[in-house]
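Notes to accompany the following structure.
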2 protein chains.
Amino acid sequence: MRTYTGVLDVPAGLPVSELDTPTLVIDLDAMERNVEQMAAFAAAHGVLWRPHAKMHKCAALARHLIEAGASGCCVQKVAEAQAMAAGGVTDIYISNEVLAHSKLKRLVALAAQLHASGGRLAVAADSVLAVEALAGHVRQHEQYQGPAPVDVLVEFNIGQNRAGVQTASEVLMLAQTVSDVPSLRFAGLHAYHGGAQHIESAVERHAVMQQAYAKVHEVVQVLRAHGLDVVTVTGAGTGTFALEAASGLYTELQPGSFLLMDAHYACVQPAAQQPVFEQALFVKTQVVSRATHHAVVDAGHKSHAIDSGLPMVWNGGAQVQYGFGNGGDEHGLITALAGAELPALGDVLWLVPGHCDPTINLHDAMVGLRGGLLHGVVERVFQVDARGALW
Amino acid sequence: MRTYTGVLDVPAGLPVSELDTPTLVIDLDAMERNVEQMAAFAAAHGVLWRPHAKMHKCAALARHLIEAGASGCCVQKVAEAQAMAAGGVTDIYISNEVLAHSKLKRLVALAAQLHASGGRLAVAADSVLAVEALAGHVRQHEQYQGPAPVDVLVEFNIGQNRAGVQTASEVLMLAQTVSDVPSLRFAGLHAYHGGAQHIESAVERHAVMQQAYAKVHEVVQVLRAHGLDVVTVTGAGTGTFALEAASGLYTELQPGSFLLMDAHYACVQPAAQQPVFEQALFVKTQVVSRATHHAVVDAGHKSHAIDSGLPMVWNGGAQVQYGFGNGGDEHGLITALAGAELPALGDVLWLVPGHCDPTINLHDAMVGLRGGLLHGVVERVFQVDARGALW
């Protein structure tokens with residue numbers, strides 16, 4: 001349907017200088033080093049890793065991670081799961097509550113499809129209402145259309161105070177409800193602390209997570225004491241995964257952002273023994289207007305998300321900054337510290353987005369560059385398959 | 001390419017209760033009253049109106065506005081112009097600087113196409129470099145492929161301090177540069193103050209704009225004194241258009257948000273004699289998790305932009321609020337004031353986005369409802385044609 005030249009059409013071999021602006025670009029060399037680091041970390045710590053595809057929303061990248069050793073992918077929405085499955089991913093975990101019948105119908109059809117091809121679908125739950133609605137859809141599907149087994153993980157609030165049940169006895173009750181339903185399997189615990197991921201101080205982050213692990217430990221004990229098999233304890237993000245790995249409680253890590261990184265995570269002090277990841281995601285932008293004390297680039301907050309802060313200028317040193325002010329949806333204002341030179345009309349700047357997940361969700365495609373930002377060439381284009389997949 | 005059930009597939013006649021969440025919805029009754037009000041206002045004040053399509057990015061809505069009397073549409077990007085032209089809009093103004101050769105090539109091809117069908121393309125400029133680059137592309141096109149006339153409006157900074165030239169003599173110099181190029185027509189002045197649109201106090205906003213109009217008045221005098229025909233003076237947004245209309249200086253108004261409105265514009269006190277517009281854009285969302293003191297809905301900032309503040313809960317009175325906290329990309333946290341009832345698991349809420357433009361840019365489609373949010377039915381689906389059209 002699209003009539004304009006989008007980056008989906010960019011041919012392999014194109015020099016980076018020819019890429020239109022603003023375009024979302026992946027430095028493939030840096031990304032691949034990040035993948036190697038995470039694979040080595042997971043192997044060394046004997047944990048599974050299931051990177052979160054809510055970040056990249058791209059089936060080709062999910063498959064790339066699985067080829068490097070990941071056990072599958074996480075998603076947040078049924079529609080994201082459908083997009084990943086259509087792109088060849090067969091082991092998918094919807095790490096979020098699903099309640100509406102329209103969604104459960106799609107979820108169960110997908111579970112049947114993955115099961116038939118030797119794969120697996122899992123989903124989180126924090127209410128009896130959701131488990132019973134899911135059970136009803138699975139029952140109906142299995143009566144007429146064959147097996148549609150679904151793994152269910154009970155979401156437990158370990159301090160984020162968003163979704164999740166609050167106490168060990170609630171987890172137990174919900175786990176037993178799941179276990180009583182044929183074709184639902186109680187698969188374990190979802191214990192993720194989103195709020196802790198961006199605590200900048202490693203010491204402070206460690207202290208917060210120790211409280212969380214004490215809760216997880218208690219719940220696992222209670223479940224096992226009642227004869228429930230806790231196969232999976234899953235959680236962690238790019239800010240805390242080394243702590244979950246060291247806790248001895250988690251069997252699976254979910255970080256997503258490590259793959260490409262962003263300006264917000266660059267401010268988070270790594271935990272001890274945690275690999276340091278490289279920035280691999282950039283917005284190429286151009287100066288389209290110049291005033292005496294500022295330059296205007298063609299990337300505003302329709303090109304990069306600003307929920308976690310403004311982008312950083314990668315090729316500006318500390319002297320050139322992206323400011324907010326009157327930039328807005330389609331423009332960015334660039335200022336320079338006293339004595340530093342402002343970029344000229346026509347100059348190219350490379351921005352590091354504040355937050356990778358919602359930035360990628362603004363783009364239909366990401367351009368994979370080989371050989372660096374300055375002299376690289378296009379190797380391939382990654383379609384953002386689940387862009388806008390909100391349902 | 002999409003494999004999940006998207007709202008593009010929603011059939012006409014579907015009751016609102018059946019719409020999946022989160023979905024972006026237009027209350028068509030409210031929208032059409034907004035259009036009638038703006039058409040009547042423009043007619044009464046003898047000015048053209050050219051609503052900004054950067055807001056809705058939808059060719060069907062641009063055509064709807066033109067059928068109601070609008071003179072065409074504004075856009076910010078060449079790719080947006082291409083999308084509007086593909087959808088049948090023939091009079092398009094790119095109210096922004098265009099500098100890159102890749103963009104100018106598309107721009108000139110579009111100008112030729114619109115010219116051939118009796119339409120017209122215009123673009124803003126604030127540098128000699130951009131005008132000369134445009135002239136080169138027009139010259140090259142006309143030499144081999146026939147006429148591609150482009151109207152050029154000189155962008156003048158009236159206080160926003162983003163793009164635009166700073167002084168009357170710079171405007172004059174640039175206007176003369178344009179006039180010297182065959183097939184470029186100096187069409188007038190772009191004089192928009194984005195920063196003034198959201199000044200909440202009508203008195204304060206009026207004072208800021210009076211200074212801006214004094215500058216516009218001076219520039220128009222200088223241009224006319226030098227024999228230049230200032231056919232168009234264009235600018236204004238939903239916050240200030242009544243002032244531009246009353247100034248006697250502007251021939252054309254560009255407001256876009258009036259069509260659907262948002263929570264941010266709801267806080268802006270209308271100027272005297274300005275129509276009051278109704279909220280017509282909503283995100284339908286559902287409660288998917290409940291804790292003692294909050295509910296979690298399935299709309300986070302991948303469903304609505306938060307650059308201008310969080311959404312308002314339309315059906316919550318003043319008692320129920322959308323908070324940020326740990327909501328994030330895919331979740332929203334709903335709290336209630338003391339004594340008020342929190343929505344229950346499964347309840348539907350209607351959110352008013354903080355900022356309509358970047359919210360629509362997150363969605364592939366908007367669902368047009370007839371008969372209100374509570375009992376309405378789907379009348380039609382509007383594709384967001386220029387979603388992600390950044391180039």
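Proteins come first, then strands; the chains are lettered A, B, ... in the order of their sequence lines, and each starts at number 1. Keep in mind that this is a model prediction, so the values were computed, not measured.
When side chains are defined from C-beta on, B:Asn361 counts as touching A:Leu362, because their heavy atoms get closer than 4.5 Å. Two residues are said to be in side-chain contact when any heavy atoms from C-beta on lie closer than 4.5 Å; B:Leu390 and A:Lys302 meet this criterion.
Counting all heavy atoms, side chain and backbone alike, A:Gly164 lies closest to B:Ser289 at N-OG, 4.0 Å. The two residues A:Asp126 and B:Val288 come nearest to each other via the heavy atoms OD1-O, 4.1 Å. Among all heavy-atom pairs drawn from A:Asn161 and B:His294, the shortest one is O-CE1, 3.2 Å.
Heavy-atom distances place the side chain of A:Val296, and not its backbone, under 4.5 Å from chain B. The part of A:Val287 that comes within reach of chain B is its backbone (N, CA, C, O), which places non-hydrogen atoms under 4.5 angstrom from that chain. Heavy atoms closer than 4.5 Å to chain A are found in the side chain of B:His355, but not in its backbone. Both the backbone and the side chain of B:Asp357 come within contact range of chain A, judged by heavy atoms closer than 4.5 Å.
Considering CZ of A:Arg162 and CD of B:Glu330, their distance stands at 7.5 Å, rounded to 0.5 Å.
Comparing B:Gln286, B:Gln76, B:Glu155 by how many heavy-atom pairs each has under 4.5 Å with chain A, the most go to B:Gln76. Residue with the most contacts toward chain A among B:Gln166, B:Glu97, B:Arg290: B:Glu97 (heavy-atom pairs, distance under 4.5 Å). With chain B as the partner, the residue from A:Leu129, A:Thr21, A:Thr292 showing the most heavy-atom pairs under 4.5 Å is A:Thr21.
Salt-bridge annotation for A:Asp20 and B:Lys103: present, with a side-chain N of the basic residue lying under 4.0 Å from a carboxylate O of the acidic one. The pair A:Asp364-B:Arg387 meets the salt-bridge criterion, with a side-chain N (NZ, NE, NH1 or NH2) lying under 4.0 Å from an Asp/Glu carboxylate O.
For A:His301 (side chain) and B:Asp307 (main-chain N/O), no donor-acceptor pair under 3.5 Å exists by modelled atom type. One N or O on the side chain of A:Lys77 and one on the backbone of B:Asp298 form a donor-acceptor pair closer than 3.5 Å. Panel note: side chain A:Trp391, backbone B:Pro22; a donor-acceptor pair is recorded below 3.5 Å.
Partners of B:Ser127 according to the side-chain hydrogen bond (donor to acceptor under 3.5 Å, both in side chains) rule, which considers only residues two or more places apart in sequence or in another chain, do not exist here.
In this model, a donor atom of one side chain and an acceptor atom of the other lie less than 3.5 Å apart for B:His331 and A:Asn96.
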